[in-house]
Protein chains: 2
Amino acid sequence: MEKKKAGAAPRDYALHEQIGFFLRQASQRHVAIFANRIGDKLTTTQWAALSKLKEIQPCSQNQLGRETAMDVATIKGVVDRLAKRGLLTTLRDETDARRLVLSLTEDGHKAIARNVDAALDVSEETLKPLTTAERMMLVELLRKIS
Amino acid sequence: MEKKKAGAAPRDYALHEQIGFFLRQASQRHVAIFANRIGDKLTTTQWAALSKLKEIQPCSQNQLGRETAMDVATIKGVVDRLAKRGLLTTLRDETDARRLVLSLTEDGHKAIARNVDAALDVSEETLKPLTTAERMMLVELLRKIS
DNA sequence: ATTTTTTTATTTGTATGCAAACGAGTATCG
DNA sequence: CGATACTCGTTTGCATACAAATAAAAAAAT
């Protein structure tokens, strides 16, 4: 018999049963697949910023951060590196002196075009162990807990 | 009609439909919940290392890294910070001069005991939007793609 | 027994990721 | 109009996360 203090029922904690651990593992595998498939030394985050920018450009830096679920400090670093590589441009907004207006460059468009197929393949390979029904289910469950 | 080069059917890429984005979002929410619930300024990674070490101690640094799915460079940083805070000790193995033998300290055990309930609550709150059946399904699907 | 391979730990470099604090510009409301 | 609140971008500090190179020790192969 285990000794317990009044009402203090100690619960067990098994790391390999926790949802956080599975989320981290799955993310790791996805990132690894991405790194293998994408040639241009683009990270998942950089790719997210580029592809989302293509959807909504021109837009401000903070807005792009919100759309890609990145912190203001994080999106700044990502944008800085992409700008340094000439994949996007940053211009001060004329009507709002705070805003940095982001736009894809020619090279940015090319980089996207060059990697779209590979990026879609990444999603495909990540979900390869699942059936079509399971894939839809997984996405739906992840959306619910996001 | 869109112009295409021979056989090059351009596919669309929508960030908000990709599995990688959902995984990242869900992980972010989980980490945020953890940070809110855990008082001792422990991160998810540090908690993973501590709780796993309790399961398998004593063990080497690399072994703990493998068990917690951390890179050798990552686990070193985590172990260093935990050692600096006095939550675990590192000793050279007598029989194998390469190995760093890790063990929880008294404070380490206390920190775990102090936060086990909260850590379990983190998993609970993360999965709160899901039914019991959905939770089991999600874990199973994540396991399959890990 | 010597060579080869593996394993373990360390270090460096690059890239997220978030909290917190800051300054500057804009909007709001009394 | 003027005080207040909010937004945008920046910077710093800390903590993962992984690739790659190094070094030392141990194990395996010949």
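Throughout, a chain's letter reflects where its sequence line sits, starting with A, and its residues are numbered from 1.
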K.L.:
Using the side chain to side chain contact (heavy atoms under 4.5 Å, CB included) criterion, which residues pair with B/R98? Sequence neighbours excluded.
P.N.:
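With neighbours one apart ignored, the set is B/D96.
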
K.L.:
Residues two or more places apart in sequence or in another chain: which of them pass ring pair (Phe, Tyr, Trp, His ring centres under 6.0 Å) with B/H109?
P.N.:
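Partners of B/H109 under the ring pair (Phe, Tyr, Trp, His ring centres under 6.0 Å) test: none.
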
K.L.:
What does B/T90 touch in the nucleic acid at a heavy-atom separation under 4.0 angstrom: a base, only the sugar-phosphate, or nothing?
P.N.:
nothing

K.L.:
Side-chain donor-acceptor contacts of residues 135-146 of chain B below 3.5 Å, not counting sequence neighbours, with atom names and distances?
P.N.:
from   : atom 1 : to     : atom 2 : distance (Å)
B/R135 : NE     : B/L127 : O      : 3.2
B/R135 : NE     : B/L130 : O      : 3.0
B/R135 : NH1    : B/E124 : OE1    : 3.3
B/R135 : NH2    : B/L127 : O      : 3.2
B/R135 : NH2    : B/L130 : O      : 3.3
B/K144 : NZ     : A/E134 : OE2    : 2.8
B/S146 : OG     : A/A26  : N      : 3.4
B/S146 : OG     : B/L142 : O      : 2.7

K.L.:
Expected output is a numbered-order residue list: members of residues 22-29 of chain B with a heavy atom under 4.0 Å from any atom of DNA chain C. What is it?
P.N.:
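Within this stretch, B/R24, B/Q28 sit under 4.0 Å of the strand.
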
K.L.:
Run the side chain to side chain contact (heavy atoms under 4.5 Å, CB included) test against A/K110 and tell me which residues pass, sequence neighbours left out.
P.N.:
A/E106, A/D107, A/R114

K.L.:
Generate the contact string for nucleotides 3-10 of chain D. Rules: B means base contact, S means sugar-phosphate contact only, - means no protein heavy atom under 4.0 Å.
P.N.:
----BBSB

K.L.:
Got a sec, which pairs hit side-chain hydrogen bond (donor to acceptor under 3.5 Å, both in side chains) with one end in residues 66-75 of chain A, sequence neighbours left out?
P.N.:
none

K.L.:
Quick one: list whatever passes side chain to side chain contact (heavy atoms under 4.5 Å, CB included) with B/Q18, sequence neighbours left out.
P.N.:
A/L120, A/S123, B/Y13

K.L.:
Looking at residues at least two apart in the chain, or sitting in another chain, which of them share a salt bridge (Lys or Arg N to Asp or Glu O under 4.0 Å) with A/D80?
P.N.:
A/K76

K.L.:
Rounded at 0.5 Å granularity, tell me how far CG in A/L42 sits from CG in A/L87.
P.N.:
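Between atom CG of A/L42 and atom CG of A/L87 there are 6.5 Å.
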
K.L.:
Could you tell me whether the side chain of B/H30 reaches within less than 4.5 Å of the side chain of B/V122, counting heavy atoms only?
P.N.:
yes

K.L.:
Do the side chains of A/R29 and A/I33 get nearer than 4.5 Å, heavy atoms only?
P.N.:
yes

K.L.:
Would you say A/R24 and B/M70 make side-chain contact, with heavy atoms under 4.5 Å?
P.N.:
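They are in contact (side-chain heavy atoms under 4.5 Å apart), so the answer is yes.
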
K.L.:
Hey, can you pull the residues of residues 31-53 of chain B with a non-hydrogen atom under 4.0 angstrom from DNA chain C?
P.N.:
none

K.L.:
Output all residues satisfying salt bridge (Lys or Arg N to Asp or Glu O under 4.0 Å) with B/E125, sequence neighbours left out; order by chain, then residue number.
P.N.:
B/R37

K.L.:
Let me confirm one number: the CG-OG distance from A/L100 to A/S60, rounded to the nearest 0.5 Å.
P.N.:
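A/L100 atom CG to A/S60 atom OG measures 8.5 Å (nearest 0.5 Å).
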
K.L.:
On DNA chain C, which is the earliest and which the latest nucleotide, 5' to 3', with an atom closer than 4.0 Å to a heavy atom of chain B?
P.N.:
C/dT7 to C/dC18

K.L.:
Starting from the 5' end of DNA chain C, give me the residue, A/D71 or A/E94, whose nearest nucleotide shows up first.
P.N.:
A/D71

